[in-house]
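Here's the structure, in structure tokens; my notes come after.
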Amino acid sequence: MAASGSTDLSTTPGGHAGGKAYYVSTPIYYVNDAPHLGHAYTTVAGDVLTRWHRQRGEKVWYLTGTDEHGQKVMRTAQTNGVTPKEWADRLVETAWKPLWEHLEIANDDFIRTTQERHTHRVQEFVQDLYDKGEIYKGSYEGPYCVGCEEFKLPGDLIDGTGEYEGQKLCPIHGRPVEMLSEDNYFFRMSAYTERLLEFYAANPDFIQPASARNEVLKFVQQGLQDLSISRSTFDWGIKLPWDPAHVLYVWVDALLNYATAVGYGADQAKFDATFPADVHLVGKDILRFHAVIWPAMLMAAGLPLPGKVFAHGWLLVGGEKMSKSKLTGISPHQLTDHFGVDAYRYYFMRAIPFGQDGSFSWEDFTARYTSELANDFGNLASRVAAMVGKYFDGTLPAATADGPAEEALHAALANAVKSADSKVEQLDFQGALDDVFGFVKLVNGYLTEQEPWKVAKDTSEEGQARLATILYTAAESLRGLAVLLNPVMPATAEKLWASLGAEAHLGALPAQRVQDAGTWGQLPAGATVTKGEILFPRLEEKKDS
RNA sequence: GGGGCGGUAGCUCAGCCGGUUAGAGCAAGGGACUCAUAAUCCCUCGGUCGUGGGUUCGAGUCCCACCCGCCCUACCA
């Protein structure tokens with residue numbers, strides 16, 4: 001997949017004068033099914049984060065991909081009468097990649113766990129651990145459902161009633177499970193309990209938010225058990241090099257994507273310049289794999305540990321986690337068809353604190369779209385461009401009469417930039433957008449107070465200078481907003497950039513440094529301002545649901 | 001069973017180590033304005049802070065019990 005432009009490792013072979021890339025990952029998604037809102041939520045967040053960092057001029061690497069091994073994929077493929085690989089190919093090409101393109105995700109790479117660059121390196125990795133004595137052969141005993149042909153987790157089982165009173169039943173088949181054992185290879189994870197605890201203590205920001213950190217700490221403090229890392233009851237997976245009768249446990253396989261995708265064992269220069277990840281974005285459900293198993297694996301291999309594992313919350317509908325089985329499933333396309341891609345990206349970043357569960361609804365989306373995007377922001381761009389067109393024939397005039405009101409806006413923009421920047425750094429997207437839209441509100445208020453439409457009737461030199469100053473101030477404010485909103489709403493920000501005639505003087509929008517966005521007076525007088533299309537048209541009608 | 005999180009205006013949420021009349025945004029009502037996407041700006045309305053006790057001079061804010069929602073985890077083998 002094409003890189004987004006600013007990241008170019010080829011220019012600095014070996015040396016990397018620019019230092020290590022800011023490396024962000026999403027989980028690799030299980031191709032068992034098509035992507036849903038939750039996947040898109042994580043991926044959009046990572047995209048906003050990495051676009052922001054790119055606009056700070058940093059070298060960035062944003063990785064996503066798909067997890068294609070495991071029994072569920074195999075079974076789904078069988079049900080559909082195709083091989084697992086064919087099934088994965090189909091979903092990746094017709095569902096996953098198209099959705100990321102649709103949502104304007106600028107990932108630098110897309111890894112699939114069935115690719116050779118992954119499977120071969122994974123085999124080398126586990127062979128290395130095996131040679132080091134980190135992996136041993138043992139046997140696993142657990143409840144097994146004959147109907148499912150797989151081991152169940154004790155927590156998945158349900159209590160039997162009636163003729164099965166006192167027994168544990170498979171939740172799918174409703175029949176008693178039996179205890180079976182199979183030979184497995186185990187990773188000596190128990191040996192890493194103390195080292196992990198020390199690591200967490202030394203790196204208090206490693207797991208965020210705090211609620212997630214607490215859960216992991218409590219879990220690890222109970223002491224870790226060795227991890228079964230192989231299966232021999234099915235074969236859709238990566239074979240253990242020393243015992244091909246076993247395939248690697250899908251999670252060990254999956255976690256290693258973060259290393260294999262950036263050159264582990266294949267391209268040392270790229271690996272050194274990228275690994276480890278600065279931020280692993282994960283959902284709460286897979287926190288433990290990333291905050292416990294993955295670091296333990298890296299410790300065993302002697303590799304550096306990631307900077308941060310950030311567990312975001314669930315999207316809730318009516319207080320419940322979204323799921324198709326509960327008929328609350330809404331596809332990303334249903335939302336983007338109605339609201340547009342940029343509004344979609346904006347909405348989830350703005351409405352829900354990253355790291356917490358958040359309620360989402362069609363009504364809330366509609367309300368925010370109308371109030372924040374159309375009325376506050378879109379209309380601001382519209383009224384400013386209209387007045388520059390009406391009073392100055394579309395040529396941006398110079399500000400020559402700055403007063404307290406203007407200076408207040410200069411300072412407000414600088415503050416918004418500074419504050420938003422630090423909040424994005426902490427993955428507080430909601431807070432950052434709060435800062436940006438607080439500034440939007442100030443600019444609207446500024447126009448209402450200065451009443452340029454009244455000043456325009458004053459044809460004296462002072463009056464015209466005043467009018468010019470007001471409109472320049474408003475337009476320059478929009479220039480700052482275009483830069484700040486580009487990582488979140490790239491298509492819209494680009495429209496605004498074009499409307500301001502900024503590119504001719506300042507260059508391409510993505511090249512604007514976010515840390516300079518608050519520097520006043522960048523948009524030059526003489527720029528050609530055009531009204532352009534409405535950024536956020538009013539929504540036609542409320543869709544019933 | 002154990003642990004965690006949450007229950008604050010119609011809606012979504014802020015309220016740090018307890019301290020004057022509990023805040024914001026949206027929605028609703030009124031006013032101002034007309035450059036603009038019938039948009040903007042100002043004002044107003046609106047809460048027994050899940051329930052019941054307790055500690056304290058004073059509790060949304062600490063303690064106990066309970067109710068409701070969600071999450072993690074265990075087990076009676």
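Just so it is clear: chains get the letters A, B, ... in the order the sequence lines come, proteins before strands, and each one is counted from 1. Just so it is clear, the model here is predicted, and its values are computed rather than measured.
As rounded to the nearest Å, B:U56 and B:C42 have P atoms that lie 47 Å from one another. When the P atom is used for both B:U73 and B:A59, the distance is 40 Å, rounded to whole Å. Atom C1' of B:C11 sits at a distance of 12 Å from the matching atom of B:A28, rounded to the whole Å. A gap of 28 Å separates the P atoms of B:G2 and B:A14, to the nearest Å. Straight-line distance between the C1' atoms of B:G1 and B:U21: roughly 47 Å, to the nearest whole Å. Using P as the reference atom, B:U37 and B:U20 are 47 Å apart when rounded to the nearest Å. Across the C1' atoms, B:G50 and B:U61 are found 16 Å apart, a figure rounded to whole Å. Spacing between B:C13 and B:C57 at atom P, rounded to whole Å, works out to 37 Å.
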Full working for side chain to side chain contact (heavy atoms under 4.5 Å, CB included) between A:Y30 and A:H69 | CA-CA 8 Å; A:Y30 209 50; A:H69 290 127; over 6 Å; no

Should A:F339 and A:Y347 be marked as a ring-ring contact (aromatic ring centres under 6.0 Å, His included) after you check the CA-CA gap, both sets of side-chain angles, and the distance that decides it?
-> CA-CA 10 Å; A:F339 296 100; A:Y347 175 69; 7.5 Å; no

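Screening A:T492, A:V488, A:L103 for a side chain to side chain contact (heavy atoms under 4.5 Å, CB included) with A:D342, the sole residue that qualifies is A:T492.
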What would the secondary structure line of RNA chain B be in dot-bracket form, counting Watson-Crick and G-U wobble pairs under 3.5 Å, with [ ] for pairs that cross earlier ones and | for pairs with another strand?
-> (((((((..((((.....[...)))).(((((.......))))).....(((((..]....))))))))))))....

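The aromatic rings of A:F536 and A:F377 lie tilted to each other, with the angle between the two planes from 30° to 60°.
With salt bridges taken as basic N to acidic carboxylate O contacts below 4.0 Å, none links A:R466 and A:D458.
Counting to the nearest Å, the C1' atom of B:A24 and the CG atom of A:D435 are 14 Å from each other. Atom pair A:Y347:OH and B:C26:P shows a separation of 15 Å (rounding to whole Å applied). Atom CD of A:E372 and atom C1' of B:U40 are 15 Å apart (whole Å). In this structure, NZ of A:K284 is placed 19 Å from P of B:G3, rounded to the nearest angstrom.
There is no side-chain donor-acceptor pair under 3.5 Å between A:D285 and A:W314.
A:R288 comes within contact range of the sugar-phosphate backbone alone, with a heavy-atom separation under 4.0 Å but no base atom that close. Nucleic acid contact class of A:D376 (heavy atoms, under 4.0 Å, all strands): sugar-phosphate only. Backbone-only contact: A:Q356 has heavy atoms under 4.0 Å from sugar-phosphate atoms and none from a base.
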Summarise how protein sits on nucleotides 32-38 of chain B as a single string, 5' to 3': B when a protein heavy atom is under 4.0 Å from the base, S for sugar-phosphate-only contact, - for no contact.
-> -SSBBB-

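Counting only distance, with no hydrogens or angles, the side chain of A:R345 and the backbone of A:P490 share no donor-acceptor pair below 3.5 Å. At least one donor-acceptor pair closer than 3.5 Å links the side chain of A:S499 to the backbone N or O of A:T530. Judged by distance alone, with hydrogens and angles left aside, the side-chain atoms of A:Q208 form no donor-acceptor pair with the main-chain N or O of A:A311 at under 3.5 Å.
In this structure A:Y344 satisfies the ring-ring contact (aromatic ring centres under 6.0 Å, His included) test together with A:F348, sequence neighbours excluded.
An OP1 or OP2 oxygen of B:C41 is reached within less than 4.0 angstrom by a side-chain nitrogen or oxygen of A:K441.
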